[in-house]
Amino acid sequence: MENQTQNLKDLTSELQNRLGKPVSTQVVEAAIESLGIRPKDTPVDYGYPTVEALASDIYQKLRSLDNQEPLRNYRERESQEKESISVSDYRVVKMKLFSQYYTLGVLHLLPVFIQIAAIVLFGYSLWTYTGFNEIQSTAVVLGVIVGMVSTGGFVQVIGKQASFYWNYKDYAMVKQTISYLFKLGMKTLFSVLFGIFLVNFFFHIYSYEVLLIVFCYAFFVGLLLLILAPLHPVKQRWMITVSILAGTIAALLLKNNTHYPIYFTHWFGITITILVTQVFLFFFFKKIQKKGLNAHSAPLKTPVVLYHNYSHFLYGMLLYAFIFIDRILAWSSGIQENPPFLVFFEKNYELGMDLAILVFLLLAGVLEFSIATFTRFIDIGQKHTASDQIANYALEMQRNYRLHIIALWITGILAFVFIFYLLQAPWALKNHFKPEMIKQCITIFIVGGIGYIIFAWGILNALYLFTLGQITKPLKAIIYAALVNFSVGFVLSRFVAYDYSVFGMLVGSIVFMLLTCRALQSFFKQLDYHYYAAF
């Protein structure tokens, strides 16, 4: 009886948070069913013979509470807080937001900076080592690519689905969703590795020694991405920096103080990163449970999860694939006589593209600021815009978007110049690479760096569309971009020069940017419709 009373109290509080003032008994009933509460649960857990009777009683209680003080759901409470910011304060608020979110975006890049610093100072990071020969580099890099592409879709879905439940404060479903998608991601990764093994078994593309290294790096990198992914939706991204730093230090200590192979030091460092993150998540959710901040979770069903998330899964997977297409094409172009493998590592191209992608990563602060500003002011604008001023509202949002693009290009150019300086500075990369290698990778870096700035523009467009549930058009854009990337890169790498595959990435990025720009223009024209349709 005591448990039933507490369960009823918790459920009423949860429905008040979700619904605010309920419109009807049927709405309450639908919300109860959406929490996974079945008719056979109500007599035992709540003391009511049916869901209808439970909904009717909760409806009356909520209406009674509303008569005492108007009830608001969590979105209405957020809107009320945002309304305190007037339109005249836009400029001041934007400056504060830029300072806050750009700094936040840069701080979230600390794991990347840690890896760069480790490479510059020690020629070594969590999964790279400048002392590898070309066969070793081939195995390691292919393993990293397989791990990232195989789990990239699940990383995207974890971010989307776990964020949904987190925003509704349904922490039990957050934990259940993370666990479910992690297991599904690992099953998929093992399936991909098994498929690669079968292909190699029949066609003998790689020796089994090389394949073992590929599989080990794919496993550890894929596992690492799946473990780190939940830290984004639960707003604990600082922990990524802590765990990466712990793993890097552990790996360096093992490398410098033992005679273990570099492979084992890498795997040890990644394992430390995984364990630190896993221990943190365990105590994080345990703390939430102690506070009683759990809603009533329903068992996840694979068909439902797939139906709601397949677009995000494909987008995430193709995003990672897009980044690596030009490298695979360059490495398989047959630039070396009698290469030992079909896809064989080429260090000049890899160095150029690794430096180019750093330009993209350094734009994270601008992307963070742009989306934070858009989501903040789209709601405020709706509250302060009269029905006959909708066109002006859309124009204002477009003007803000153009300012974000200018900020993106200014930051991108500064990042480009900074990386170019590192490429030329005698105290930096020249310590670990031969002068002729640095010279050869400059062209690749220049073209790739420009391509990644344009690609970041397309990502920004996609993020704008994602905020109001528009996933189809960014998905189509990345599909077309990947096809163009492959087609142009294949032709140029085979008939002009191997390093011209970078132009495939550049053209693919332009296609992605143009398609998402076109979708965004249509989006802005019907911004009020998309806003209300999303909620």
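Computed from a prediction, not measured in an experiment: that's the story for all the values here. Numbers here simply count residues along the sequence, with the first being 1.
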By side-chain hydrogen bond (donor to acceptor under 3.5 Å, both in side chains) - contacts of [X] (at least two apart):
{"X": "K160", "value": "N309"}
{"X": "R494", "value": "S332"}
{"X": "S311", "value": "none"}
{"X": "T177", "value": "none"}

Side-chain donor/acceptor of [X] to backbone N/O of [Y], under 3.5 Å:
{"X": "S179", "Y": "Q176", "result": "no"}
{"X": "Q136", "Y": "N133", "result": "yes"}
{"X": "N167", "Y": "S163", "result": "yes"}
{"X": "S487", "Y": "V484", "result": "no"}
{"X": "Y206", "Y": "V343", "result": "yes"}
{"X": "S333", "Y": "A330", "result": "yes"}
{"X": "N200", "Y": "I205", "result": "yes"}

Straight-line distance of [X] [atom1] to [Y] [atom2], nearest 0.5 Å:
{"X": "I240", "Y": "L231", "atom1": "CD1", "atom2": "CG", "result": "5.0 Å"}
{"X": "T258", "Y": "L254", "atom1": "OG1", "atom2": "CG", "result": "4.0 Å"}
{"X": "I114", "Y": "I244", "atom1": "CD1", "atom2": "CD1", "result": "7.5 Å"}
{"X": "L181", "Y": "Q161", "atom1": "CG", "atom2": "CD", "result": "7.5 Å"}
{"X": "I405", "Y": "I410", "atom1": "CD1", "atom2": "CD1", "result": "11.5 Å"}
{"X": "I249", "Y": "T273", "atom1": "CD1", "atom2": "OG1", "result": "10.0 Å"}

> Could you walk me through whether M317 and L314 pass the side-chain contact (heavy atoms from CB on, under 4.5 Å) check?
Replying inline: CA-CA 5 Å; M317 183 181 67; L314 292 175; 4.0 Å; yes

Min side-chain heavy-atom separation [X]-[Y] under 4.5 Å:
{"X": "I478", "Y": "L319", "value": "yes"}
{"X": "L126", "Y": "V221", "value": "no"}
{"X": "I357", "Y": "I323", "value": "yes"}
{"X": "L362", "Y": "T411", "value": "no"}
{"X": "T271", "Y": "I274", "value": "no"}
{"X": "L367", "Y": "L408", "value": "yes"}
{"X": "S243", "Y": "L228", "value": "yes"}
{"X": "F420", "Y": "L355", "value": "no"}

Should the pair [X] and [Y] be assigned to parallel (<30°), tilted (30 to 60°) or perpendicular (>60°) ring geometry?
{"X": "F197", "Y": "Y208", "value": "tilted"}
{"X": "F264", "Y": "W267", "value": "perpendicular"}
{"X": "Y315", "Y": "F466", "value": "perpendicular"}

>> Using the side-chain contact (heavy atoms from CB on, under 4.5 Å) criterion, which residues pair with F219? Sequence neighbours excluded.
In response: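 By the side-chain contact (heavy atoms from CB on, under 4.5 Å) rule, F219 matches M186, F190, L223.
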
>> My understanding is that only residues two or more places apart in sequence, or in another chain, count here; which of them pass side-chain contact (heavy atoms from CB on, under 4.5 Å) with T472?
In response: K476

>> Ignoring hydrogens and geometry beyond distance, is a side-chain donor-acceptor pair present between Y124 and T265 at under 3.5 Å?
In response: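 Judged by distance alone, the side chains do pair up.
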
>> Strictly by side chain to side chain donor-acceptor pair (under 3.5 Å), give each pair with a member in residues 226-236 just once, sequence neighbours left out.
In response: Q236-W238

> Among pairs that include at least one residue of residues 447-458, which meet side chain to side chain donor-acceptor pair (under 3.5 Å), considering only residues two or more places apart or in two chains?
Replying inline: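 For residues 447-458: Y401-W457.
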
Using every non-hydrogen atom in the two residues, find where [X] and [Y] come nearest and quote the distance to one decimal.
{"X": "A356", "Y": "F445", "answer": "N-CD1, 3.6 Å"}
{"X": "I227", "Y": "F182", "answer": "CD1-CE1, 3.8 Å"}
{"X": "L193", "Y": "A218", "answer": "CD2-CB, 3.9 Å"}
{"X": "V234", "Y": "P230", "answer": "CG2-O, 3.1 Å"}
{"X": "P233", "Y": "G159", "answer": "CB-O, 4.1 Å"}
{"X": "G449", "Y": "V359", "answer": "O-CG1, 4.2 Å"}

Ignoring hydrogens and angles, write down the donor-acceptor pairs under 3.5 Å from the side chains of residues 500-517, residues two or more places apart or on other chains.
residue : atom : partner : partner atom : Å
S501    : OG   : D326    : O            : 3.1
S501    : OG   : Y349    : OH           : 3.1
S501    : OG   : Y498    : O            : 3.3
S509    : OG   : G451    : O            : 3.3
S509    : OG   : M505    : O            : 2.8
T516    : OG1  : N461    : ND2          : 3.0
T516    : OG1  : F512    : O            : 2.7
T516    : OG1  : M513    : O            : 3.0

>> Walk me through whether N348 and D499 qualify under side-chain contact (heavy atoms from CB on, under 4.5 Å).
In response: CA-CA 9 Å; N348 296 339; D499 54 348; over 6 Å; no

Pairs under 3.5 angstrom only: tabulate donor-acceptor contacts from the side chains of residues 139-156 to other protein residues two or more places apart or in another chain.
residue : atom : partner : partner atom : Å
S150    : OG   : V146    : O            : 2.7
T151    : OG1  : G147    : O            : 2.7

>> Would K347 and D354 count as a salt bridge (Lys or Arg N to Asp or Glu O under 4.0 Å) here? Give the steps.
In response: CA-CA 10 Å; K347 57 182 180 296; D354 281 348; over 6 Å; no

> Does the pair F268 and Y260 meet the rule for a ring pair (Phe, Tyr, Trp, His ring centres under 6.0 Å), with working shown?
Replying inline: CA-CA 11 Å; F268 176 75; Y260 287 113; 8.7 Å; no

> After noting the C-alpha distance and the side-chain angles of F455 and F322, does the key distance pass the side-chain contact (heavy atoms from CB on, under 4.5 Å) rule?
Replying inline: CA-CA 10 Å; F455 188 61; F322 180 90; 3.6 Å; yes

> F215: what forms a ring pair (Phe, Tyr, Trp, His ring centres under 6.0 Å) with it, not counting sequence neighbours?
Replying inline: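 Applying ring pair (Phe, Tyr, Trp, His ring centres under 6.0 Å) to F215 gives none.
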
> With sequence neighbours left out, what residues match Y320 under ring pair (Phe, Tyr, Trp, His ring centres under 6.0 Å)?
Replying inline: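 With sequence neighbours excluded, Y320 shows a ring pair (Phe, Tyr, Trp, His ring centres under 6.0 Å) to no residue whatsoever.
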
>> Under the criterion side-chain contact (heavy atoms from CB on, under 4.5 Å), I'd like the reasoning laid out for Y129 against H266: C-alpha separation, chi angles, the key distance, then a yes or no.
In response: CA-CA 9 Å; Y129 177 53; H266 279 162; 4.2 Å; yes

> Are the aromatic rings of F132 and F345 close, with centres under 6.0 Å apart?
Replying inline: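 F132 vs F345: aromatic centres not under 6.0 Å.
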
